[in-house]
Participant: 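Handing you a structure now.
For reference, positions follow the sequence shown, starting with 1.
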Amino acid sequence: MDNSKQKIYKSYDSTILEALFLKYGVSKYYIRQSIKGAVQGITPDSIKKDYSTMEKASKEIIKLLIQKTMR
């Protein structure tokens, strides 16, 4: 039996990453590190806040579209 643990990677929404890339003009790697919390500062805090706001809005829109199509 293999007792080794597999690392689970968090995947981020690529469209939100692209929007943040265009807004802030920093690399997508930096954006992912900011969301993860590996980078400290004002800009990473803004990036993290914007990502969570965009992700929440995206999920709400998807829920609305599902409800409309289920009728």
Participant: Measuring from I42:CD1 to I47:CD1, what's the distance to the nearest 0.5 Å?
Facilitator: 12.0 Å

Participant: Do you reckon I16 sits in the same ILVMFWY cluster as L22, going by side-chain contacts under 4.5 Å, direct or chained?
Facilitator: yes

Participant: Please tell me if the side chains of V26 and F21 come closer than 4.5 Å, counting only heavy atoms from C-beta onward.
Facilitator: no

Participant: Report yes if some heavy atom in the side chain of K28 is under 4.5 Å from a heavy atom in the side chain of L20; otherwise report no.
Facilitator: no

Participant: What pair of heavy atoms forms the shortest contact from K48 to S34, and how long is it?
Facilitator: CE-O, 3.4 Å

Participant: Hey, does Y30 have a side-chain heavy atom less than 4.5 Å from the side chain of P44?
Facilitator: yes

Participant: Y12 and L17: which non-hydrogen atoms are nearest, and at how many Å?
Facilitator: CB-CD1, 3.9 Å

Participant: Taking T69 for the side chain and L65 for the main chain, is one N or O donor matched with an acceptor at less than 3.5 Å?
Facilitator: yes

Participant: Would you say Q67 and M70 make side-chain contact, with heavy atoms under 4.5 Å?
Facilitator: no

Participant: Is the shortest side-chain heavy-atom distance between Y24 and I31 below 4.5 Å?
Facilitator: no

Participant: Tell me whether Y51 contacts the main-chain N or O of D13 through its side chain, where contact means a donor paired with an acceptor under 3.5 Å.
Facilitator: yes

Participant: Who pairs with K59 by side chain to side chain donor-acceptor pair (under 3.5 Å), at least two apart in sequence or on another chain?
Facilitator: none

